[in-house]
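Note sheet for the following structure.
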Amino acid sequence: MATSANQQQFAHLFAHVLARVHAAADALIADKVLPAGIDLSRIVVEPPRDATHGDMATNAAMVLAKEAGLKPRDLAEAFAGKLRAEPLVEKVDVAGPGFLNLTLKPAVWADVLRSVLDQGAGYGRSGIGRNAAVNVEYVSANPTGPMHVGHCRGAVFGDALATLLAFAGFAVTREYYINDAGAQVDVLARSAYLRYREALGENIGEIPEGLYPGDYLKPVGEALAAEYGDRFKGRPEIEWLAPVRAKAIAMMMDQIRGDLAALNVRHDVFFSERSLVSGADDAVGRTIDALRADGLVYQGRLPPPKGAPVEDWEDREQTLFRSTQFGDDVDRPLMKSDGGYTYFASDIAYHKSKFDRGFTDMIDVWGADHGGYIKRMQAAVSAVSGGKAALDVKIVQLVKLSRGGVPVKMSKRAGEFVTLREVVDEVGRDAVRFMMLYRKNDATLDFDLAKVIEQSRDNAVFYVQYAHARGVSVFRNAAEQMPDLAIPAAGAGRAAWLAGTPLARLSDEGELAILRRLALYPRLVESAALAHEPHRVAFYLYDLASEFHAQWTRGKDLPHLRFIIQNDPELTKARLAMVEGIVTVLASGLGLLGVGAPDEMR
RNA sequence: GCGCCGGUAGCUCAGCUGGAUAGAGCACCAGACUUCGAAUCUGGGGGUCAGGGGUUCGAAUCCCUUCCGGCGCGCCA
């Protein structure tokens, strides 16, 4: 669809106004009021806390006053003089310590809504990412069993963040790192081998300590028996370990993929750790060599940690990475005493692979128990990229699971952990996803299985979805009550039908509040994406839903505020346009979170 | 002992990278359904932003420090 420059300014109103403030600053530079080359980057345009202050506020005068050698209020007056000439601006006030409060012409809000309708699902989409390649790595659960509930949060967070970044104009790759090379997958193989013998009819008795006891390995044993017969029976481990391991990992990953699909979590790339160390191409070794060539790897000794005594501490010389040179607390070992690479060494090679594949912008999503690992990984990324790549690690805090206020115990023993699948089956994918995102990632989260399915007011998922369903229902009702309007079904026809609607008839304060909220969406998308904080989208949706519900209820007391006004098709159409805008943005935001936007919820 | 993350209303949490008189929900109290979906809405009380210093026009937000809670602290992943 062709978007004129005129429409463009309403597609992202705040960016447009900020640009005009910058233009005003340039004009003041030309007037010698401001010095040339002054830093404008700290200027923000934001909605004022108090609506009586106007539609937008900017701190321009306050942040520039010092460098300009002027009093904030005097500079603000100079800005006001320039901004008053702006076509969109109705009124400019200087307030408080030097705020510039802008009141926009009423027609602006109708134009914003017009832009929402024209762009539809594309409204809020941003180019701020400039198509930069970003790698988002999340989940990366060990392929040794089904996903448990603790994985939910990171999975949902990473998935939503990736979607959000893509919407903000980044070229996103969603990645899963399969830890298929360490000692754990050998344990998995031995556990599966036991199930294999069981499948062949042997009584295996108790699962020995140190092996995975879960029943989920029985199908693996059966599959091995079906594939290999008794070929590995009674044979030494060296013969069967590799094929059994490969089969078990493959089947576990299939299960994990299924679990993720149940949560609506997607990945583009599943990257195998084993691929870094197996075969002729020893990527880990090459990475270490390269770091050594840069003087970043050496043989040395580490002091034992103070205050937390390690029982079997053995002072020995080892291969160390100079992570202290990049801000880490101590240097970190790359080789184990058995000659193998540490997990860290593999992870360096893995992140180097990301860099080699063109990513200078990396995001890893980890659980809280890996927090102590951040500095060394950032050090490593800095080292392997020559300082060209940056890694942001997002930590998702623990989820405290309960049911009706009673904590759900999660024993490590067989069958007693709560799987991701069970939670999704019990409360639904939408509820899980929304609740996981309705909290800042680095705050712990209380998740009550009973409360989440309560369809009550304190349940944000239903609150927002209900608003969407309500909006859709307005169109159903309008079509029924006012057939002469000839409302087309949702979709492309809807926008065309609404094209000539006199939106200026939306003049109620509640309606204008909603339009202002819609105008905020593009700015919200950008700030949430840049901050790597998808939870902001969830809170925005809650606010928008709240304003919609409030306006709806006002129509109960004041019939002239209802959306459907029988004897005024024009006004009805204008309000339907507003509802369409609300529904569009609610659906868009819910889509960013990977949560459904139902048309009805009866 | 060190590092990271938290501490905001009785409870659960926001607070838009430093802005104006700190906001929601739950709970509590009082109200609104013959009317577009009451899974909703309106109003009310409730705060030393853990404590103390600092930076500046301005701090819940940045720095220092103390206290409390969580996570982590060669050769696990």
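Each chain gets a letter, A, B and so on, in the order the sequences are listed, and its residues count up from 1.
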Quiz item: Hey, is A/H53 doing a stacking thing with B/A20, by the 5.5 Å centroid and 30° angle criteria?
Solution: yes

Practice problem: Determine, answering yes or no, if A/F539 is stacked on B/A14 under the 5.5 Å centre rule and the 30° plane rule. | Solution: no

Indicate whether OP1 or OP2 belonging to [N] is found under 4.0 Å from a side-chain N or O atom of [X].
X      : N     : result
A/K440 : B/C13 : no
A/N59  : B/G18 : no
A/R470 : B/A38 : yes
A/Y542 : B/G23 : no
A/K336 : B/G74 : no
A/T444 : B/G70 : no
A/R49  : B/A20 : yes
A/K556 : B/A38 : yes
A/W552 : B/A38 : yes

Indicate, with a heavy-atom threshold strictly under 4.0 Å, whether [X] touches base, sugar-phosphate, or nothing.
X      : result
A/A478 : nothing
A/S473 : base
A/E273 : sugar-phosphate
A/A469 : base
A/Y373 : base
A/I564 : base
A/N101 : base
A/R523 : base
A/A368 : sugar-phosphate

Please measure how far the [atom1] atom in [N] lies from the corresponding atom in [M], and state the result in whole Å.
N     : M     : atom1 : result
B/G19 : B/U61 : C1'   : 11 Å
B/C41 : B/C26 : P     : 8 Å
B/A27 : B/G45 : C1'   : 13 Å
B/G46 : B/A9  : C1'   : 6 Å
B/U42 : B/A24 : P     : 10 Å
B/G25 : B/G72 : C1'   : 34 Å

Quiz item: Hey, which of these two, A/L445 or A/A95, hits RNA chain B nearer its 5' end, going by closest nucleotide?
Solution: A/L445

Quiz prompt | Given RNA chain B, 5'-ward residue of the pair A/T58 and A/H549, judged by closest heavy atom | solution = A/T58

Practice problem: Could you list by number each residue of residues 62-79 of chain A showing a heavy-atom separation from RNA chain B of less than 4.0 Å, or answer none if no residue does? | Solution: A/M62, A/V63, A/K66

What is the separation between atom [atom1] on [X] and atom [atom2] on [N], rounded to the nearest whole Å?
X      : N     : atom1 : atom2 : result
A/Y463 : B/C13 : OH    : P     : 20 Å
A/R554 : B/G37 : CZ    : C1'   : 18 Å
A/F563 : B/G37 : CZ    : P     : 11 Å
A/L558 : B/U42 : CG    : C1'   : 12 Å
A/W366 : B/C5  : CH2   : P     : 14 Å
A/F344 : B/C73 : CZ    : P     : 15 Å
A/R439 : B/C13 : CZ    : P     : 5 Å
A/I348 : B/A77 : CD1   : P     : 13 Å

Quiz item: Do you know which of A/R153, A/H151, A/M436, A/K440 makes side-chain contact (heavy atoms from CB on, under 4.5 Å) with A/V396?
Solution: A/R153

Could you check which nucleotide pairs with [N] in any of the strands shown, counting Watson-Crick or G-U wobble with both distances under 3.5 Å?
N     : result
B/G69 : B/C5
B/C62 : B/G54
B/C28 : B/G44
B/G23 : B/C13

Practice problem: Could you please spell out the steps behind the side-chain contact (heavy atoms from CB on, under 4.5 Å) verdict for A/V474 and A/W552? | Solution: CA-CA 10 Å; A/V474 174; A/W552 179 292; 3.4 Å; yes

Quiz item: Among A/N142, A/T144, A/N179, whose side-chain hydrogen bond (donor to acceptor under 3.5 Å, both in side chains) with A/Q184 holds?
Solution: A/N142

Quiz prompt | Polar side-chain atom of A/S473 near backbone of A/R476 as donor-acceptor pair, under 3.5 Å | solution = no

Quiz item: Hey, what's the ring geometry for A/H370 with A/W366, parallel, tilted or perpendicular (30° and 60° as the breaks)?
Solution: tilted

Quiz item: What class does the angle between the rings of A/F321 and A/F326 fall in, given that below 30° is parallel, 30 to 60° is tilted and above 60° is perpendicular?
Solution: parallel

Charged tip of [X] within 45° of [Y] ring normal and under 6.0 Å:
X      : Y      : answer
A/R439 : A/F157 : no
A/R332 : A/F344 : no
A/R322 : A/Y298 : yes

Quiz item: Of the nucleotides B/C76, B/U42, B/G3, which has the atom closest to the A/A550 side chain?
Solution: B/U42

Self-check item: Nucleotide of B/C36, B/U40, B/G74 approaching A/Q318 most closely (side-chain heavy atoms)
Solution: B/G74

Self-check item: Residues A/K91 and A/D55 bridged, charged N to O under 4.0 Å
Solution: no

Quiz item: Taking side chain as C-beta onward, heavy atoms only, is A/D347 less than 4.5 Å from A/M377?
Solution: yes

Quiz item: So, do A/Y177 and A/Y350 have ring centers that fall under 6.0 Å from each other?
Solution: yes

Quiz prompt | base_contact_polar (B/A14 base, A/H535 side chain, donor-acceptor, <3.5 Å) | solution = no

Quiz item: With no angle test and no hydrogens, is the base of B/C16 tied to the side chain of A/S527 by a donor-acceptor pair under 3.5 Å?
Solution: no

